[in-house]
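Step one of this worksheet: look at the structure below.
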Amino acid sequence: MSTSSQPQFRYTQTPSKVLHLRNLPWECTEEELIELCKPFGKIVNTKCNVGANRNQAFVEFADLNQAISMVSYYASSSEPAQVRGKTVYIQYSNRHEIVNNKSPGDVPGNVLLVTIEGVEAGDVSIDVIHLVFSAFGFVHKIATFEKAAGFQALIQFTDAETASSARNALDGRSIPRYLLPEHVGSCHLRISYSAHTDLNIKFQSHRSRDYTNPYLPVNPTAIEGVMQPTIGPDGKKKEPESNVLLASIENMQYAVTVDVIHTVFSAFGTVQKIAIFEKNGGTQALVQYPDVTTAAVAKEALEGHCIYDGGYCKLHLSYSRHTDLNVKAYSDKSRDYTVQDPSLLPAQQILGLPAPPAVWQNHQAATMYPGSEYAAPAQVPSWNPSAQAGTPTYMSVAGTFPGQSYPPSSIPAYATAPTPAGSSPLSQPPMVMTQPGVQPGRPAGASPPGHPPYYVR
DNA sequence: AGCACA
């Protein structure tokens, strides 16, 4: 039944070509790890600075006997294995290979993602950050933002070597106390690499700087310490309108792909770009239209609606602060329909061209203002999902899943269904929409779709 | 000083 009767740590371990090293100094670099181990054989993979204290590592030898020779050597040696004067304890790992050694944040680049732990955004000024990181080379640009992980900054150096030296020196360290307000306690820096290569700083402000362009305009709304939301006539917070919508997908029981988003949002006009990403444990998507008007219509029409009947994949929309997304043209999480004829895409996929790796690992990859999206409204229209449960509306639209009592897990019916006889594709609703008192169909006020649904191309 | 979650 269970293997939990096995002791967590065994004193006699099965040899493995993967060794587990502990009590390493947290500064230990991969190079030092390799220096320690390579006398015993060929190292094919490493994983350095793991564990909560970043003081453990894994080393994988090409051959089991090489790992055995290292363990045997230090088992009988009077000189313990050491790194930077610290004794390193070596055991066989309980795994037999190192998998996926490089996480995205470990792939070196010229832009660092810095998380400043235990501080509020106002505690550490951008000038302090600039000062600290300038010790390692010219800092081109800085963008700061707040998100769930805390106060973060993207810091752009000239090259990966400079960025790497800053990371190696500062990761796990603290900003000097004299640079911080009195009330700030510890202030540890966690540093990884961003996928960015060039930050797009729009304004000099309290949260972003471009040191390569002193003539960049100062954002008048960002001079003060806190961005003031504009207040609408009803006294509620009002987001500035934008041609880019931020969609938060609630109750995402079923896969929401780029194609699904594209189909849904294309009902209101040309969708230029899409990016899907995870944030705060939920799924969000940025959808770019050519103009604000189209976005406004889509926002009004789709807010609170569900992609699937039964309360699944409910959409909440707000305006993004983006005006032009910078996305990979084709990935499983993003699409840029402006760079190439979208009709070529399926052909390319069939031909088996490798999909580019997803870069949208997090919101940083999505935007220069990663923390600046307005949070989706917490309150949602009250609605009883059970009201229409068991009668998925998509069946009445497509009729291709007779007897199926649950939505498809990947491809929505409307994406693959043939157009029902006797009806124009343009008159069909783009998707299943359920909301009290609202019939599925083209939302009131929406312009006729600018182009046919993509399944009829 | 005791096993990685990207």
Side-chain angles (χ1 to χ4, degrees), chain A residues 2-34 36-37 43-61 64 67-68 70-71 73-75 77-109 111-115 147-149 152 164 167 171-172 190-196 276-283 328 331-333 355-366 370:
Chain A
S2 165
T3 57
S4 61
S5 59
Q6 297 288 327
Q8 187 180 4
F9 305 112
R10 293 157 292 164
Y11 291 92
T12 56
Q13 293 186 297
T14 311
S16 164
K17 55 184 165 53
V18 180
L19 299 182
H20 175 226
L21 296 86
R22 53 198 162 81
N23 201 38
L24 289 156
W26 65 264
E27 305 96 322
C28 179
T29 63
E30 185 181 32
E31 289 69 34
E32 289 172 303
L33 193 64
I34 291 171
L36 178 70
C37 301
I43 296 157
V44 297
N45 210 345
T46 65
K47 199 175 183 74
C48 204
N49 306 120
V50 300
N53 298 324
R54 302 170 64 86
N55 58 1
Q56 298 175 39
F58 297 88
V59 172
E60 180 176 341
F61 284 100
L64 178 64
I68 292 173
M70 182 165 184
V71 170
Y73 176 84
Y74 284 111
S77 169
S78 56
E79 298 287 319
Q82 287 191 328
V83 170
R84 302 194 183 200
K86 279 191 80 176
T87 295
V88 177
Y89 299 87
I90 303 170
Q91 291 176 292
Y92 299 113
S93 172
N94 50 26
R95 301 189 199 179
H96 288 83
E97 63 178 346
I98 294 174
V99 292
N100 209 6
N101 181 44
K102 290 266 187 274
S103 61
D106 291 331
V107 179
V111 178
L112 296 177
L113 171 63
V114 179
T115 302
K147 51 177 282 177
Q152 296 191 310
S164 173
R167 184 183 117 116
D171 192 16
R190 288 271 98 100
I191 304 179
S192 60
Y193 295 103
S194 165
H196 288 291
I276 299 176
F277 54 93
E278 300 292 319
K279 185 175 181 186
N280 301 338
T283 298
K328 287 272 190 199
S331 86
D332 59 338
K333 294 294 184 193
V359 297
W360 293 77
Q361 299 295 337
N362 53 38
H363 207 171
Q364 285 77 56

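Every chain is numbered from 1, with letters handed out A, B, ... down the list of sequences.
Here the P atom of nucleotide dA6(B) and the CG atom of N45(A) are 17 Å apart, to the nearest Å. The interatomic distance linking W26(A) (CH2) with dA4(B) (P) rounds to 21 Å, in whole Å. Between the P atom of dA1(B) and the CG atom of N55(A) lies a distance of 9 Å, rounded to the nearest Å. N49(A) places its CG atom 16 Å from the P atom of dA6(B), with the value rounded to the nearest Å. Rounded to whole Å, the distance from CG on L21(A) to P on dA1(B) is 15 Å. As a whole-Å value, the separation of R54(A) CZ from dA1(B) P is 19 Å. Separating the CD1 atom of I98(A) from the C1' atom of dA4(B) is a distance of 9 Å, rounded to the nearest angstrom. For L19(A) and dA4(B), the CG to P distance is 16 Å, given to the nearest whole Å.
Minimum interatomic distance between E30(A) and C48(A) (heavy atoms only, all atoms of both residues): N-SG, 3.9 Å. Nearest heavy-atom pair, E60(A) versus I98(A), reported as atom, atom and distance to 0.1 Å: OE1-N, 2.7 Å.
Note on E60(A): nothing from the nucleic acid sits closer than 4.0 angstrom, heavy atoms only.
Comparing K86(A) and G51(A), the nucleotide of DNA chain B nearest to each residue sits closer to the 5' end for K86(A). Place V18(A) and N23(A) on DNA chain B by their nearest nucleotides, and N23(A) ends up nearer the 5' end.
Residues I68(A) and Y92(A) form a side-chain contact, since some pair of their non-hydrogen atoms from C-beta on lies under 4.5 Å apart.
The side chain of R22(A) sits closest to dA1(B) out of dA1(B), dA6(B), dA4(B). Of the candidate nucleotides dA6(B), dA4(B), dA1(B), dA4(B) has the atom nearest to the side chain of F58(A).
The salt bridge (Lys or Arg N to Asp or Glu O under 4.0 Å) contacts involving residues 87-98 of chain A comprise nothing, where partners must be two or more places apart or lie in separate chains.
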